[in-house]
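The block underneath contains the structure these notes are about, expressed in structure tokens.
Predicted model, so just to flag it, every value in this text is computed and none were measured. A note on names: the letters A, B, ... follow the listed sequences, proteins ahead of strands, and every chain is numbered from 1.
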Amino acid sequence: MSEQQRGPKPGGHRGPMGPGMSMPAEKAKDFKGTLKRLMGYLKPRKYQLITVFIMAVLSTVFTIVSPKIMGKATTKLFEGLMTGTGIDFEYIWQILLVLIGLYLVSAMFSYIQQYLMAGVAQRIVYDMRKQVNAKLSRLPLKYFDSRTHGEILSRVTNDVDNISSTLQQSLTQLITSVITIIGVIVMMLTISPLMTLICILTLPLSFVVTIMIAKRSQKHFKSQQTSLGHLNGHVEEMYTGHKIVKAFGREDKSLDEFNKINDKLYDSSWRSQFISGMIMPLMSFIGNIGYVLICVVGGVLVTKRTIEIGDIQAFIQYARQFTQPIAQAANIANMIQSTIASAERVFEVLDEEEEVQEAANAATIAQPQGDVRFEHVQFGYKEDAMLIEDMNIDVKQGQTIAIVGPTGAGKTTLINLLMRFYEINDGAITIDGVNITDLKRGSLRSMFGMVLQDTWLFNGTIRDNIAYGRAGATEQDVVRAAKAAHADHFIRTLPDGYDTVLNEEASNISQGQKQLLTIARAILADPAILILDEATSSVDTRTEVYIQKAMNELMNGRTSFVIAHRLSTIRDADLILVMDRGSVIEKGNHEQLLEQDGFYADLYNSQFSGGGVRKEVV
Amino acid sequence: MMKLFRFLRPYRIPIGFVLALVFVQSLSDLYLPTLMSDIVDTGIVQGDTPYILRIGGFMLLVAAGGMICSIGASYLSSKVAAGFGRLLRGKVFAHVENFSLQEFDKIGTASLITRTTNDITQLQQVLIMILRMMVSAPMMCIGGIIMAVSKDAKLTLVLAVAIPLLALAIFAVASKGIPLFKAMQVKLDKLNLVLREGLTGIRVIRSFNRIDHEKERFNEANQDLTNTAVKVNRIMASLMPLMMLAMNFSTIAIIWFGSIRIDNGHMQVGSLMAFIQYAMQIMFSLIMVSIIFVMIPRASASAARINEVLNMQSDIKDAAQVKQANRERGYIEFNDVTFSYPGAEQPAISNISFSASPGETTAIIGGTGSGKSTLLSLIPRFYDVDSGSIMVNGVDVREMAQQDVRSKIGFVPQKAVLFTGTINDNICYGKQDATDEEIRHAANIAQATEFISAMQDGFDSEIAQGGSNVSGGQKQRLSIARALVRRPEIYVFDDSFSALDFKTDAKLRAALKEETTESTVLLVAQRVSTVMDADRIIVLDEGRIAGIGTHRQLMDSCSVYREIVSSQLSEEEIA
């Protein structure tokens, strides 16, 4: 008397939902191809999987055989009673012994199967995650810039998880379901073809009911999903805009709107729950019809001596086993569909175009000087919209280049090109005379030190965060860098000093302090070329002065690209690049640009001398 | 979790019906084996076919009755669970709408969103599982035991041994597995964290050449997670076989001991068959309960989070007797105001005193963390001061109705927030009955007309959620227009020009100047050029006033101000 293996689902986030609670599954675009590819992951473990398969078959077969044997015991009992010869305990004992053996073996096989599958499924998922992560590290920045983090994250976690729980549960469930259905039919046929026919008659009925209900509930589930989406959207908007809602006194309006959506959600929610909840009672009713028919027909047949009493008992058990896998079939089909869709999304990542390969004999520059040249550089994020056309600049070691322009003018574009985060469309960028495409990426990037506006720190100690600048940095190196960045003092005032662990959002230190840490990190890296991206804009004014000093020292003798907001930096720069809407529109030094009386002059006047523009406006 | 079930009170009657219906349905399920045993013991033994058919018909009736009850229960429980969800969601949302910013800071916006949405959905789902399965399980269990005892009390002893054994097996596996499940969740979070860091820091990682290091970190987390997952699944692998063994062995025991009792004439074969089925029903109900118990810890974590929200009371409430403040227009006065964020060691601002009158512009400048935004957010009473007082038109803001204070203020936040809807809707947010002319005027002053008319549907263009289809500068201009359309007594600009390019910034400020001749303007800015012309500049340094006065006065008297200026302006401009 065995049920299918339906333990609480380990590893899955779906939670144990009852049958019929399933959401409409997404469909994969190329079901067959993806399935085939997913199978490829199973191949290296085919021996284990074959073992799992054999175990599943054996365990199921044994559980299928046992009701018939148990029925024999009942029959013997009944016979003994009816004929009045007394009960043949010897025979019953033997049968029970066989049963004990069968159950033990079946349980053992079922355990081994689950045990092995746990290893196989998790290993496959492990490989997949590793593969995707490795792939991500080879993808160009273009990929990341055109997608939200959430989208990428969900492919590595949710989708892979989805595959994991399907492998762990549904796959073996599918196998056992199929075997159970076939096995049960065979067993029933050996007992009584007539009763088997009666039992199978209830089958189409269950199918029709399942399909009808699934169809109806899907509609409501869909509208439930939509309302839920609206509700989440509204809540998100109102909460993130809480300040504004309050400032403009719109709490009541927002509540009205919420209640409207909430009512709609309620409506579709109870409908979908109710309709899908009908599956269980209906199925069990159909099951009961079968049960009654077996009792009645079986009873009549027994009185006619066509079958034995134990056969009825066996049949009752078989009938129960029979309806179970069918009710599950719809569920499993749904799950497999959504798994294939998940796998497809994962494979999409794996198929993305990678960064351009490094040249076979890529060079490294042992002692970089920091001469940078742009020769006829052409670049655009899209093929048909060039941002930079024929740009030529020549930067000598130790010079400072200020990049100026309104926010969103695309100042990061230059950084993207210098570090080869993006490939240029035409022309060449050289460092110390070597084309950067001929350099190893690692070697190229190690020449740069970068302090970005959005400070990036990871969840770890302050020491580790600074030491990130250079692999193998010693304690003294870290402290020296921190001192140079004027970070040493504040770090020592923290309760755990250098061992303070930054939390996930690094919200336990201020924005300014974060900035100091990233500066220390750049100082430690000791690069030949610096890229400073509005580095000090959110450090408070006094600290800013100190940082400026440290920066000036750091910039001394190094080629520096500064996304500048500070007038002194701009004026003293050897070259100013003025950017607007993604492209470089003017270049030259301060005096030259002022003379041109173009965009830069305009900008300079409006920002740094109060008067200029206002006169023409008023 | 029990605490939250107080919200089930309005559903007492339907829940009562659900219980009754489930009870009847359980009874019908239990009655079927009894009828079957009648078929065997009477019908078959005596070869009485009409009797078998009669009982069979009766069984069908019982089964149909059970189904009707079960569908009825499903109908009611769906309504109850969905209604519970709706009620709770509404309560939580309404409650959160009353929160001040203080409570938002405490829990965090993202977490509040999850609590209002996912956590409640989770609870709703568990509730329906409880109503559908957990209610019927004990009834089946108890009913099964009663029936079993009534069939044969002595044979029930088998169950007395088997049930504790089964419970013990479930408990043993669960107590090993559940802590590992929790550990797995932690490790999964860790993996996500590493991954997320890898994404946000991608430029830094690549520029420092630490790709391999990050890969290493990911693989470690991945390995760790996989090991635990394998362990958990291997432990759980033993659960089902164990439960099956317990059930199957008790069946064997029942047959053995049952046949002895039959031999002695204490029992009939049909009763034995029925007894086996009762035993199955009892044990299945136990397994059901154990499955649901797995869900409960997760649901109760959700419930605890929701409760935390509901128990949090906003400190900022309207006084019982609110005062009007309409005798004057646009006067603001800070009297020795000190305020600290909850849990902070030092006050964010201390001993701030100044006053502003209509037609004046007061600018606030200072480094990050010097308390500029904090100062502004005290005026609309987003927070309450610790000591001192803030007067609007001569009345303490704490004595006025919150709605009333805020209706006098046109607030433009640092981070421009727009809502889904048209541009018109967004500007109208400031004044619900604004005419087209007013809207266009506000947009004009905010320098927004140009880009709005360039959009396909002009003022009727839709803003996507979070304003993702307009640029940062456009967002700021729209949020300025939203404040302008109110024509408020007091304008509060919290660094609201930062995303504008310099030309637009200058134009906007010039246009604003004409618009706000009768209002008080308070603005926070980073650029000296923005504040230079203000009637009064307040220099904040670590929460204290370091200087107050005009640009010229401050240049002479305030060293902090001079430092700020010299970092931004050149010598000749300072002079």
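- Residue B:Ala64 touches chain A through both its backbone and its side chain, counting heavy-atom pairs closer than 4.5 Å.
- Both the backbone and the side chain of B:Leu60 come within contact range of chain A, with heavy atoms under 4.5 Å apart.
- Ranked by non-hydrogen atom pairs under 4.5 Å with chain B, the options A:Val302, A:Val300, A:Leu153, A:Asn288 are led by A:Leu153.
- Looking at A:Lys246, its side chain does come within 3.5 Å of a backbone N or O of B:Phe99 through a donor-acceptor pair.
- Here A:Leu104 is the residue among A:Leu104, A:Ile112, A:Asp267, A:Ile95 with the most heavy-atom pairs under 4.5 Å with chain B.
- Residue with the most contacts toward chain B among A:Tyr111, A:Tyr266, A:Phe109: A:Tyr266 (heavy-atom pairs, distance under 4.5 Å).
- Using modelled atom types, no side-chain atom of B:His213 and backbone atom of A:Tyr468 make a donor-acceptor pair closer than 3.5 Å.
- B:Leu112 touches chain A through backbone and side chain together, each having a heavy atom under 4.5 Å away.
- No donor-acceptor contact under 3.5 angstrom links the side chains of A:Ser137 and B:Glu214, judged on distance only.
- Heavy atoms of B:Gln223 lying under 4.5 Å from chain A belong to its backbone as well as its side chain.
- The backbone N or O of A:Tyr126 lies less than 3.5 Å from a partner atom in the side chain of B:Asn222, making a donor-acceptor pair.
- Checked by atom type and distance alone, the side chain of A:Glu236 never pairs as donor or acceptor with a backbone atom of B:Ile113 at under 3.5 Å.
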Begin from the C-alpha positions of A:Leu141 and B:Arg206 and carry the test side chain to side chain contact (heavy atoms under 4.5 Å, CB included) through to its verdict.
-> CA-CA 10 Å; A:Leu141 256 89; B:Arg206 292 198 177 178; 3.6 Å; yes

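- The heavy-atom pair separating B:Tyr429 from A:Phe248 by the smallest distance is O-CB, 3.9 Å.
- With chain B as partner, the option from A:Pro281, A:Ala118, A:Ala107 having the largest number of non-hydrogen pairs under 4.5 angstrom is A:Pro281.
- A:Asp263 touches chain B through backbone and side chain together, each having a heavy atom under 4.5 Å away.
- Heavy atoms closer than 4.5 Å to chain B are found in the side chain of A:Met419, but not in its backbone.
- Contact of A:Phe89 with chain B is made through backbone and side chain together, with heavy-atom distances under 4.5 Å.
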Assess whether side chain to side chain contact (heavy atoms under 4.5 Å, CB included) is satisfied between B:Phe104 and A:Lys243, documenting all intermediate values.
-> CA-CA 10 Å; B:Phe104 263 77; A:Lys243 213 179 198 176; over 6 Å; no

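- For chain B, the nearby part of A:Ser443 is the backbone; its heavy atoms alone come within less than 4.5 Å.
- There is no contact between A:Arg271 and chain B, counting heavy-atom distances below 4.5 Å.
- One N or O on the side chain of A:Glu237 and one on the backbone of B:Thr420 form a donor-acceptor pair closer than 3.5 Å.
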Please test B:Arg482 against A:Ile244 for side chain to side chain contact (heavy atoms under 4.5 Å, CB included), starting from the C-alpha separation and ending with a verdict.
-> CA-CA 10 Å; B:Arg482 179 172 63 194; A:Ile244 296 301; 3.5 Å; yes

Give the intermediate values and the outcome of side chain to side chain contact (heavy atoms under 4.5 Å, CB included) for residues B:Leu239 and A:Gln114.
-> CA-CA 10 Å; B:Leu239 190 61; A:Gln114 290 264 37; over 6 Å; no

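- Contact annotation for B:Phe382: only side-chain heavy atoms (C-beta onward) come within less than 4.5 Å of a heavy atom of chain A.
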Tell me, with the steps shown, if B:Tyr75 and A:Gln273 meet side chain to side chain donor-acceptor pair (under 3.5 Å).
-> CA-CA 8 Å; B:Tyr75 174 79; A:Gln273 291 294 354; over 6 Å; no

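- The contact between B:Leu272 and chain A is made entirely by side chain atoms (from C-beta outward), counting heavy-atom distances below 4.5 Å.
- Here the closest non-hydrogen pair linking B:Thr117 and A:Asn232 is CG2-OD1, 2.8 Å.
- Note: A:Leu265 leads A:Leu265, A:Val125, A:Ile312 in heavy-atom pairs under 4.5 Å with chain B.
- Of the two parts of A:Leu228, only the side chain, counted from C-beta on, holds a non-hydrogen atom closer than 4.5 Å to a non-hydrogen atom of chain B.
- With a 4.5 Å cut-off on non-hydrogen atoms, B:Leu191 touches chain A through its side chain but not through its backbone.
- B:Ile260 touches chain A through backbone and side chain together, each having a heavy atom under 4.5 Å away.
- Residue A:Phe448 touches chain B through its backbone alone, counting heavy-atom pairs closer than 4.5 Å.
- A donor-acceptor contact closer than 3.5 angstrom is absent between the side chains of A:Tyr239 and B:Glu97.
- Only the side chain of B:Gln277 comes within less than 4.5 Å of a heavy atom in chain A; its backbone stays farther off.
- The CG atom of A:Leu96 sits 6.0 Å away from atom CD1 of B:Ile252, with the distance rounded to the nearest 0.5 Å.
- Closest approach of A:Leu77 and B:Ser259 over heavy atoms only: CD2-CB, 3.3 Å.
- Only the side chain of A:Phe144 has a heavy atom closer than 4.5 Å to any heavy atom of chain B.
- No side-chain donor from either of B:Arg86 and A:Asn262 sits under 3.5 Å from a side-chain acceptor of the other.
- Among A:Ile100, A:Leu231, A:Leu293, A:Ile275, the residue with the largest count of heavy-atom pairs under 4.5 Å with chain B is A:Ile100.
- A donor-acceptor contact closer than 3.5 angstrom links the side chains of A:Lys253 and B:Gln432.
- For B:Ser77, no part sits under 4.5 Å from any heavy atom of chain A, backbone or side chain.
- Taking every heavy atom of both residues into account, A:Gln122 and B:Thr226 meet most closely at O-CG2, 3.6 Å.
- The two atoms that bring A:Trp270 and B:Ala82 nearest to each other are CB-CB, 3.6 Å, heavy atoms only.
- Both the backbone and the side chain of B:Ile71 come within less than 4.5 Å of a heavy atom in chain A.
- Both the backbone and the side chain of B:Ala229 come within less than 4.5 Å of a heavy atom of chain A.
- Proximity to chain A (any heavy atom under 4.5 Å) is shown, for B:Leu199, by both the backbone and the side chain.
- The two residues B:Met36 and A:Cys295 have their closest heavy-atom pair at CG-SG, 3.4 Å.
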